[in-house]
Amino acid sequence: MTCMSTTPSRFWLSAISLEPPFNGRTDAAQKHEQAVAICDLLDNNRFAPVEHSGGPYRLHLELMDRRLVISVTTETGALVLCTSRSRHFAGCPRTTGSCARALPMVPRGCHPIVAIDMGRRAIHNEASALLRERLKSKVEIDRETARGCSR
């Protein structure tokens, strides 16, 4: 699956592709959700590989031997960055813990859906901070881009 951006910029992801099947079983609803998330991310992002003069860039994510392989190229196909990470970052936020931490912030009498949504947001915020920290030696990503990548 690939989605393209038409917005030109110097430090910008113009395309993101996932090597299928990226997360194991993928049904039509999950594929649609991934496509929407990728297109949203491409609409507004900042992605600046360390010590590189500018893009825009193409990001390719693939699972190989239980590791996440991250490849970044320029629009012309020149390799900018290739790295791999454990499929599951050590210290990645746990759903239950993040939701439990969000519950005290929910006003009394609030609908359970609000509590679930606050927990989901807490998970995304923690995961995006972890992503930025783990990749800071390779690429500078703004908070919103990292948050979009952590969905």
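All figures in this text were calculated on a predicted structure; none of them were measured in a lab.
T83 pairs by the side-chain contact (heavy atoms from CB on, under 4.5 Å) definition with I70, L81, R85, K138, not counting sequence neighbours. Applying the side-chain contact (heavy atoms from CB on, under 4.5 Å) rule to T76 yields the partners T74, A78; only residues at least two apart in sequence or on another chain are considered.
Counting only distance, with no hydrogens or angles, the side chain of R10 and the backbone of S53 share a donor-acceptor pair below 3.5 Å. Of the possible donor and acceptor atoms, one in the side chain of S14 sits under 3.5 Å from a partner among the backbone N and O of Y57.
K31 is not listed as a side-chain neighbour of E33, based on a closest heavy-atom distance of 4.5 Å or more. Contact check for V139 versus V72: no side-chain heavy atoms found under the 4.5 Å cut-off. The shortest distance between side-chain heavy atoms of L59 and L61 falls below 4.5 Å. Contact annotation: the side chain of N45 never approaches that of F11 to less than 4.5 Å [non-hydrogen atoms, C-beta and beyond].
Transitive grouping of hydrophobic side chains (ILVMFWY, heavy atoms separated by less than 4.5 Å) brings L68 and V80 into a common cluster.
Heavy-atom minimum distance, V69 versus C82: CG1-SG, 4.2 Å.
To the nearest 0.5 Å, the span separating CZ on R143 from CZ on R132 amounts to 8.0 Å. Between the CZ atom of F47 and the CG atom of L41 there is a distance of 9.5 Å, given to the nearest 0.5 Å. Rounding to the nearest 0.5 Å gives a distance of 11.0 Å between CG of L63 and OG of S84. Remark: H60 NE2 to L18 CG distance equals 8.0 Å, nearest 0.5 Å.
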Chi angles and distances behind the side chain to side chain donor-acceptor pair (under 3.5 Å) call for D142, T145: CA-CA 5 Å; D142 69 355; T145 301; 2.4 Å; yes

